[in-house]
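What you are looking at is a predicted structure, and each value in this text was computed from that prediction instead of being measured. So you know, we letter chains A, B, ... as the sequences are listed, proteins then strands, and number each from 1.
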There are 2 protein chains.
Amino acid sequence: MTRMYNPPHPGETLREDVLPALELTVSEAARQLGISRVQLSRVLHGRASITPDLALRLEAWLTPEQGGRAELWLGQQMEYDLYQAARKRRPNVLPIHGA
Amino acid sequence: MTRMYNPPHPGETLREDVLPALELTVSEAARQLGISRVQLSRVLHGRASITPDLALRLEAWLTPEQGGRAELWLGQQMEYDLYQAARKRRPNVLPIHGA
DNA sequence: GAAAGTGTAGCGTGTCGCTTTACACCTGTC
DNA sequence: GACAGGTGTAAAGCGACACGCTACACTTTC
């Protein structure tokens with residue numbers, strides 16, 4: 001239950017690590033991934049999430065060495081979403097036995 | 001990239017393993033979790049997903065031995081969603097260097 | 001028969017992913 | 001200076017879905 005670190009948005013990883021290594025423009029990457037340039041830009045800036053569909057596209061697009069594992073992208077998104085959810089509303093739920 | 005097994009919906013796990021061990025009714029569990037009975041029933045039967053909010057509620061409610069880890073619930077939901085997404089639409093994306 | 005528990009359909013609301021269009025900005029080259 | 005290409009982003013429209021509420025039918029237990 002200790003989640004002290006601030007997980008980065010996976011789009012940030014994509015923007016800072018993956019795309020520069022590929023030497024591709026955002027427009028060209030979006031074209032190859034089969035999504036719109038606008039949507040990819042939103043993901044890269046943390047304004048949209050890595051969806052299962054996008055994770056599968058990244059897996060089909062990248063080599064395993066470049067980060068082509070759908071579970072990794074989705075898992076990082078999950079960590080991010082969980083942290084953001086815990087940061088604001090903590091649900092008012094009591095432990096079950098009082099334990 | 002090999003995802004050959006059929007991951008169960010996490011609500012199924014909740015219905016078959018967790019709730020029986022607690023000897024609680026669905027209505028009472030929903031009340032303690034702070035969600036509606038209808039919504040919990042939908043989750044238990046795979047008609048609704050484990051959201052970050054619900055995962056945090058489960059974590060606050062259950063002891064760690066009972067399965068009280070938000071990441072586990074969300075991760076199982078992720079596996080399920082990923083498998084379902086891969087099962088139907090496979091995105092038409094080419095590998096990046098023809099590799 | 002009454003009460004409690006359950007599954008589920010239907011409705012309304014809010015959120016969000018996604019595309020398309022459009023705009024403003026920056027950079028290079030002619 | 002004009003023009004083209006790349007970029008970020010806002011707005012509009014659509015579809016999907018989580019969620020609560022109400023309502024109904026069914027079952028079991030008293």
Side-chain angles (χ1 to χ4, degrees), chain A residues 9-12 14-16 18-20 22-61 70 73-74 76-78 80-93, chain B residues 9-16 18-20 22-58 60-61 70 73-74 76-78 80-93:
Chain A
H9 192 285
E12 189 180 326
L14 204 52
R15 190 181 92 243
E16 295 181 350
V18 178
L19 281 198
L22 297 178
E23 293 182 342
L24 280 181
T25 65
V26 175
S27 302
E28 178 61 19
R31 198 191 60 79
Q32 293 193 19
L33 284 169
I35 65 175
S36 73
R37 179 186 67 88
V38 174
Q39 181 64 12
L40 179 57
S41 179
R42 276 198 286 242
V43 171
L44 295 181
H45 291 83
R47 291 174 167 80
S49 299
I50 304 279
T51 59
D53 179 80
L54 180 52
L56 289 174
R57 288 175 189 272
L58 289 170
E59 178 170 283
W61 189 50
W73 292 109
L74 267 191
Q76 193 175 345
Q77 182 68 52
M78 178 190 78
Y80 179 83
D81 291 340
L82 190 54
Y83 184 83
Q84 298 304 320
R87 209 167 58 86
K88 55 190 71 163
R89 306 164 201 153
R90 67 192 84 263
N92 193 12
V93 178
Chain B
H9 192 285
E12 189 180 326
T13 307
L14 204 52
R15 189 181 94 244
E16 295 181 351
V18 178
L19 281 199
L22 298 179
E23 293 182 340
L24 280 182
T25 65
V26 175
S27 303
E28 178 61 18
R31 197 191 59 79
Q32 294 193 17
L33 284 168
I35 65 175
S36 73
R37 179 187 69 88
V38 174
Q39 182 63 12
L40 179 56
S41 178
R42 278 195 285 237
V43 171
L44 294 180
H45 291 83
R47 290 174 167 80
S49 299
I50 304 278
T51 60
D53 179 80
L54 179 52
L56 289 174
R57 289 175 188 273
L58 289 170
W61 189 51
W73 292 110
L74 267 191
Q76 193 175 344
Q77 182 67 54
M78 179 189 78
Y80 180 83
D81 291 340
L82 190 54
Y83 184 84
Q84 297 304 320
R87 208 167 58 84
K88 54 191 67 163
R89 306 166 198 150
R90 68 191 80 266
N92 194 11
V93 178

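- Considering only heavy atoms from C-beta on, B/I35 comes within 4.5 Å of B/R57 through its side chain.
- To the nearest angstrom, C1' of C/dA3 lies 17 Å from CD of B/E28.
- The A/A48 side chain lies nearest to C/dG17 when the options are C/dG17, C/dG7, C/dT19.
- Nucleotides of DNA chain D nearest to B/T51 and B/V38 differ in position, and the one nearer the 5' end is that of B/T51.
- In this structure, A/E12 does not pair ionically with A/R15, as no charged nitrogen and carboxylate oxygen lie closer than 4.0 Å.
- Residue A/R31 holds its CZ atom at 9.0 Å from OG1 of A/T25, rounded to the nearest 0.5 Å.
- Going from atom CD1 of B/I50 over to atom OG1 of B/T13 covers 8.5 Å, rounded to the nearest 0.5 Å.
- In the set D/dT7, D/dG20, C/dG5, the nucleotide with an atom closest to the side chain of A/S27 is D/dT7.
- Distance from the side chain of A/T25 is smallest for D/dT7 among the nucleotides D/dA23, D/dG8, D/dT7.
- Between the CD atom of B/E23 and the P atom of C/dG5 there is a distance of 15 Å, rounded to whole Å.
- For A/H9 and C/dG17, the NE2 to C1' distance is 12 Å, given to the nearest whole Å.
- Using a 4.0 Å heavy-atom criterion, one finds that B/L54 contacts no nucleic acid atom at all.
- Taking only side-chain atoms of A/V26, from C-beta outward, the nucleotide of D/dA18, D/dA23, D/dT7 with the closest atom is D/dT7.
- At least one side-chain nitrogen or oxygen of A/S41 sits closer than 4.0 Å to the OP1 or OP2 atom of D/dG8.
- In this structure, the CG atom of A/L40 is 11 Å from the P atom of C/dC18, given to the nearest Å.
- Side-chain atoms of B/R37 and base atoms of D/dG20 include no donor and acceptor less than 3.5 Å apart.
- B/Q77 has its CD atom 12 Å from the P atom of D/dC17, to the nearest Å.
- Looking at heavy-atom distances under 4.0 Å, A/S36 makes contact with a base.
- Side-chain contact between B/L19 and B/L44 is present, with at least one heavy-atom pair separated by less than 4.5 Å.
- Applying the 3.5 Å distance criterion, the base of C/dG7 shares no donor-acceptor pair with the side chain of B/R47.
- Side-chain atoms of A/R42 come within donor-acceptor range of the base of C/dT19, with a qualifying N/O pair under 3.5 Å.
- Between the P atom of C/dC16 and the CG atom of A/D53 lies a distance of 19 Å, rounded to the nearest Å.
- Straight-line distance from the CD atom of A/Q39 to the C1' atom of C/dG17: 6 Å, rounded to whole Å.
- Straight-line distance from the CZ atom of B/R31 to the P atom of C/dG5: 11 Å, rounded to whole Å.
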